[in-house]
2 protein chains.
Amino acid sequence: MSTTRWLDDDEMGAWLNLAQILMAMPAALDRQLREDTGIPHAYYQILATLSAADNRCLRMTELARAVGTTPSRLSHAVASLQQRGWLERRACPSDKRGQLACLTDAGMAVLEAAAPGHVAEVRRLIFDHLTPEDVARLRAVTAKLLPALQP
Amino acid sequence: MSTTRWLDDDEMGAWLNLAQILMAMPAALDRQLREDTGIPHAYYQILATLSAADNRCLRMTELARAVGTTPSRLSHAVASLQQRGWLERRACPSDKRGQLACLTDAGMAVLEAAAPGHVAEVRRLIFDHLTPEDVARLRAVTAKLLPALQP
DNA sequence: CCGAGGATGTTGAAACATCAACAACTGCGG
DNA sequence: CCGCAGTTGTTGATGTTTCAACATCCTCGG
């Protein structure tokens, strides 16, 4: 039982900023996407990740890791997206436990229609306010944070 | 109607990293706090913000802005925390519409008990992986992003 | 070959967030 | 003083996430 090492001023400042971003940024992204597509940002990311995959299909586990979500969350999300006809499940040929999530043509169409508005919102919320150096630093710092989040 | 300006490589890299963090970081923070206190991170932030305020009281609107949340979300959260006896509502003396959220002694005790574990988790997830320069850059970049999130 | 333990996904209930609608109040212009 | 527009905060319905429990299948040591 050691005594707590508290945050210094710089750390606290960074943390307060980051905490507010963690609160408000997903909400802002959700708002825009829901208006244009009816689905939240987490669902959009699933479609977007699938669209870039081989044959527009991914194993559930890989998809979960790529998007940064949990199996349960993904399972519910895929069920909802499947019901809209935007993706479908297939059995995994090599592993009978596995499930493949595959983007349908309808899902691809929704994605393509929503992409411009989404990119514009990402620019408005993030990149419009950053210099190229800021972007490079943001990329570097976030890259250092990711490993601790995926155990 | 202009043609979309897509993200370049550096922007896309930063965005993919950030998107994953926006997904997984709140989940990770929630996990730890829920185990120790039974409340999610968003609720903890409310208590923490109140603890630093004058008289441990804040107007709902100010509290919402400080935490980066919406009035509705805050209203539900405060109701839940009130039921646990960790804060209470009072009428605002200067404005009959207003409500003050005030941290109770019980709420303060919970906060103090949870703080060390929470700080340790924040260190484990974030600051353990960053140099002091990284922290300063993170603080600067996040500061640039906040204004666009609070309208 | 077989059985234990790990991996993969799903399910249902409870907690939390979002949205739209609303009630109550303020303050300002006429 | 009146009334109307804007502010403040709540509520309930709906959608999403979390957690725990579970079913199924793979792998590997014995």
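As the structure is a prediction and not an experimental result, all values here were calculated from the model. Proteins get letters first, then strands, A, B, ... in listed order; numbering begins at 1 in each.
Annotation for L103(A) and W86(A): closest pair CD1-O, 3.4 Å, computed over non-hydrogen atoms. Between A53(A) and L58(A) the shortest heavy-atom distance is CB-CG, 3.6 Å. When all heavy atoms of A42(A) and R73(A) are compared, the closest pair comes out as CB-NH2, 4.5 Å. The minimum heavy-atom distance between A48(A) and L111(A), with the atom names listed, is CA-CD2, 3.7 Å.
Following rounding to the nearest Å, R59(A) (CZ) and dT24(D) (C1') show an atom-to-atom distance of 13 Å. Distance, L74(A) CG to dT11(C) P: 13 Å, rounded to whole Å. Rounded to whole angstrom, the span from the CG atom of D30(B) across to the P atom of dA14(C) amounts to 20 Å. Put simply, CZ on R73(A) is 17 Å from C1' on dA14(C), counting in whole angstrom units. Straight-line distance from the CG atom of L33(B) to the C1' atom of dC19(D): 16 Å, rounded to whole Å. At whole-Å resolution of the value, CD in E62(B) and C1' in dT7(D) are 14 Å apart. Following rounding to the nearest Å, L29(A) (CG) and dA17(C) (P) show an atom-to-atom distance of 17 Å. Atom pair R90(A):CZ and dT8(C):P shows a separation of 21 Å (rounding to whole Å applied).
With a 4.5 Å cut-off on side-chain heavy atoms, V122(A) and L29(A) count as touching. Between Q45(B) and M23(A), some side-chain heavy-atom pair lies under the 4.5 Å cut-off.
Among the heavy atoms of the strands lying under 4.0 Å from D95(B) are primed sugar atoms or P, OP1, OP2 only; no base atom is included. Residue A42(A) is in sugar-phosphate contact alone, with no base atom involved, counting any heavy-atom pair closer than 4.0 Å across all strands shown. Note on R84(A): only backbone sugar-phosphate atoms sit closer than 4.0 angstrom, heavy atoms only; bases stay farther off.
The side chain of K96(A) approaches dC26(D) more closely than any other nucleotide in the set dC26(D), dT11(C), dC25(C). Closest approach to the Y43(B) side chain among dA17(C), dT16(D), dC25(C) is made by dA17(C) (side chain taken as heavy atoms from C-beta onward).
Between dT10(C) and Q99(A), a contact under 4.0 Å exists linking OP1 or OP2 to a side-chain N or O. Close to dC16(C), at under 4.0 Å from its OP1 or OP2, lies a side-chain N or O of R34(B). Not one side-chain nitrogen or oxygen of R97(A) sits closer than 4.0 Å to the OP1 or OP2 atom of dT10(C).
Remark: nothing in residues 15-28 of chain B comes within less than 4.0 Å of DNA chain C through any heavy atom.
Side-chain N/O atoms of S72(B) and base N/O atoms of dT11(D) include a donor-acceptor pair closer than 3.5 Å. For H76(A) against dT18(D), a side-chain-to-base donor-acceptor contact under 3.5 Å is present.
Not a single donor-acceptor pair under 3.5 Å links the side chain of H129(B) to the backbone N or O of R123(B).
Applying the 6.0 Å contact sphere to CZ of R5(B) captures no more than 12 heavy atoms from other residues, nucleotides or ligands.
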